Amino acid sequence: MSMQFVQELPNPDEFKKEYVLSDNLKEIKKRRDAEIADVLTGKSDKFLVIIGPCSADREDAVLDYVDRLSKVNEKVKDKVVLIPRIYTNKPRTTGEGYKGIASQPNPEKEPDLMQGLIAVRSMHIKAMDASGLTSADEMLYPENYPYLDDILSYVAIGARSVEDQQHRLTTSGFDVAAGMKNPTSGDLTVMLNSVYAAQHAHTFTYRGWEVKTSGNPLAHTVLRGSINAYGRSFANYHYEDLMRLYELYEERELVNPATVIDANHNNSGKKYAEQVRIVGEVLHSRRHSDNIRKLVKGVMVESYLEEGCQKIGEGIYGKSITDPCLGWEDSEKLIYYIAENC
């Protein structure tokens with residue numbers, strides 16, 4: 001047999017009993033979930049800013065980042081809902097390379113999924129406890145979501161996952177915000193079909209059970225740019241792109257029309273410093289059009305303590321080991337700019 005069973009992972013319910021959320025943290029999550037939901041449903045005119053490292057590769061640097069973010073939050077919380085981006089799974093186009101702390105708690109060692117689960121849940125809990133902010137993570141593996149479903153306030157479905165049936169159906173069972181990215185091809189119809197699927201009820205197989213879901217009204221789109229057959233990046237955050245998405249929403253039976261703009265990835269051509277300009281243009285488009293203002297509910301920004309990126313093993317504290325990120329100083333300025341102009 002070509003597949004080797006290495007170790008049996010714990011049942012999520014049993015695992016949560018070992019790494020418990022305090023009553024205080026449960027209340028924080030309840031309040032934050034409602035605050036984010038109010039933005040997506042139009043009850044609140046606050047602006048979502050999902051910001052943090054490309055991959056949360058080490059706990060100490062992530063907690064440092066989130067602590068700084070919490071201090072900024074006190075100054076902008078009347079206008080902005082800051083959501084720390086603590087992404088613990090990293091999709092790999094070829095299957096090679098670092099797959100995130102959930103797979104490799106130590107990027108320089110072999111994968112250990114049991115220790116990865118412990119590292120992920122512990123880090124998310126510590127981040128919430130230290131900052132009072134609940135976080136966002138990407139659901140790369142749908143079967144792993146129950147290990148974090150009592151912690152996360154925002155779940156991203158990536159460009160390579162958004163066409164997958166299991167991702168769509170699992171998302172239909174969430175009770176928190178779920179951002180469905182456009183696929184790498186840039187096809188907006190695929191993205192909107194994914195939102196439609198996530199917003200409706202389903203019966204399917206999940207973790208060995210027949211399950212039923214009621215649909216997730218907080219499923220929404222995320223524009224992240226695209227790439228063509230020759231490897232060239234194309235942006236989709238411009239005014240015309242946003243108006244087209246507004247029109248496509250109008251044609252469909254979807255509740256709570258909303259989109260979040262990913263300022264990095266193919267929108268920036270992975271030129272991380274461009275994120276500042278891109279966010280500025282998005283905010284300008286919102287000021288110019290009431291329809292775009294109603295549609296665009298937030299932005300995603302890849303940001304860490306140190307700008308750029310490094311190779312695994314270089315050991316620079318707070319610097320990305322995957323995609324390059326905006327540094328802290330520029331990130332802080334950007335958050336204040338968003339608060340003043342959203």
Side-chain angles (χ1 to χ4, degrees), residues 1-20 53-62 85-127 135-152 155-174 178 180-181 183-184 194 197 202-211 213 309-315 320-323:
M1 187 175 181
S2 60
M3 184 181 294
Q4 179 185 356
F5 289 80
V6 178
Q7 59 180 327
E8 185 176 4
L9 299 177
N11 176 280
D13 291 334
E14 293 299 318
F15 186 72
K16 290 173 186 174
K17 293 177 182 177
E18 296 293 322
Y19 303 91
V20 182
C54 175
S55 59
D57 61 303
R58 51 185 290 180
E59 182 181 277
D60 54 354
V62 169
R85 175 190 162 107
I86 303 180
Y87 280 26
T88 56
N89 293 284
K90 180 66 181 173
R92 311 306 306 190
T93 303
T94 65
E96 293 292 326
Y98 175 63
K99 296 181 176 66
I101 199 170
S103 296
Q104 292 173 267
N106 186 329
E108 298 184 59
K109 294 184 178 180
E110 291 296 310
D112 186 331
L113 300 191
M114 181 65 218
Q115 291 304 311
L117 286 177
I118 294 171
V120 167
R121 187 166 175 87
S122 296
M123 179 166 58
H124 274 292
I125 291 174
K126 289 177 183 177
S135 54
D137 202 343
E138 180 174 352
M139 187 181 70
L140 186 57
Y141 307 107
E143 64 271 22
N144 286 354
Y145 179 68
Y147 293 103
L148 293 175
D149 61 359
D150 59 335
I151 292 175
L152 301 178
V155 181
I157 311 302
R160 298 166 187 81
S161 303
V162 75
E163 296 185 70
D164 177 64
Q165 185 81 336
Q166 194 74 353
H167 281 82
R168 293 177 172 191
L169 301 188
T170 302
T171 304
S172 74
F174 293 177
M180 320 290 282
K181 290 194 172 185
T184 53
S194 184
H202 300 282
T203 300
F204 60 103
T205 301
Y206 185 68
R207 296 185 61 87
W209 286 79
E210 177 183 328
V211 299
T213 61
C309 62
Q310 62 180 322
K311 294 181 180 179
I312 293 175
E314 290 186 22
S320 176
I321 60 171
T322 48
D323 289 348

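The basis for the numbers below is simple: all heavy atoms, side chains too, and nothing from hydrogens, waters or symmetry mates. Predicted model only: the values in this text are computed from it and were never measured.
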Exercise answer: donor-acceptor pairs, residues 118-126 side-chain atoms, under 3.5 Å, sequence neighbours excluded:
residue: Arg121; atom: NE; partner: Tyr19; partner atom: O; Å: 2.7
residue: Arg121; atom: NH1; partner: Tyr147; partner atom: O; Å: 2.9
residue: Arg121; atom: NH1; partner: Asp150; partner atom: OD1; Å: 2.9
residue: Arg121; atom: NH2; partner: Tyr19; partner atom: O; Å: 3.0
residue: Arg121; atom: NH2; partner: Asp150; partner atom: OD2; Å: 2.8
residue: Ser122; atom: OG; partner: Ile118; partner atom: O; Å: 2.8
residue: His124; atom: ND1; partner: Ser135; partner atom: OG; Å: 2.8
residue: His124; atom: NE2; partner: Asp137; partner atom: OD2; Å: 3.1
residue: Lys126; atom: NZ; partner: Glu59; partner atom: OE2; Å: 3.0

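- Distance OG1/Thr213 to CZ/Phe174: 10.5 Å, rounded to 0.5 Å.
- Annotation: side chain of Asn89 is not in contact with side chain of Lys99 (no heavy-atom distance under 4.5 Å).
- At distances below 3.5 Å, at least one donor-acceptor pair connects side-chain atoms of His167 with backbone N or O atoms of Met139.
- Checking side-chain atoms of Glu108 against main-chain N and O of Ile312 turns up no donor-acceptor pair under 3.5 Å.
- Residues Lys90 and Gly100 approach most closely at CB-N, 3.9 Å, considering heavy atoms.
- Residues Thr203 and Val211 form no side-chain contact, since every pair of their non-hydrogen atoms from C-beta on lies 4.5 Å or further apart.
- From Asp57, atom CG reaches atom OH of Tyr98 across 5.5 Å, with rounding to the nearest 0.5 Å.
- Within the 3.5 Å criterion, the main-chain N or O of Ala102 finds no donor-acceptor partner in the side chain of Thr88.
- Counting only residues at least two apart or on different chains, no salt bridge (Lys or Arg N to Asp or Glu O under 4.0 Å) pair has a member in residues 155-170.
- A heavy-atom distance below 4.5 Å is not found between the side chains of Val162 and Lys181.
- Contact of the Ser55 side chain with the Ile101 side chain is not registered, since no non-hydrogen atoms from C-beta on lie closer than 4.5 Å.
- Across Phe204 and Ser172, no two heavy atoms sit closer than the pair CE2-OG, 4.4 Å.
- The closest side-chain heavy-atom distance from Ser161 to Leu140 is below 4.5 Å.
- For the residue pair Arg58 and Gly315, the shortest heavy atom distance occurs at NH1-O, 4.4 Å.
- By the neighbour-count criterion of 12 heavy atoms within 6.0 Å, atom CD of Gln7 is densely surrounded, having more than that number from other residues, nucleotides or ligands.
- Contact check for Cys54 versus Ser320: side-chain heavy atoms found under the 4.5 Å cut-off.
- Judged by distance alone, the side chain of Gln166 and the main-chain N or O of Thr205 form a donor-acceptor pair under 3.5 Å.
- For the residue pair Asp13 and Asn11, the shortest heavy atom distance occurs at N-OD1, 2.8 Å.
- Between Lys311 and Glu314, none of the side-chain N atoms (NZ, or NE/NH1/NH2) sits under 4.0 Å from a carboxylate O, so this pair counts as no salt bridge.
- Considering only heavy atoms from C-beta on, Val62 comes within 4.5 Å of Ile86 through its side chain.
- In this structure, the side chain of Arg85 does not engage the main chain of Ala136 through any donor-acceptor pair within 3.5 Å.
- A distance of 8.5 Å separates OH in Tyr141 from CG in Leu113, rounded to the nearest 0.5 Å.
- Of all non-hydrogen atoms in Arg207 and Pro12, the two that sit nearest each other are NH2-CD, 3.2 Å.
- Here the closest heavy-atom approach between residue Pro107 and residue Gln104 is recorded as O-NE2, 3.5 Å.
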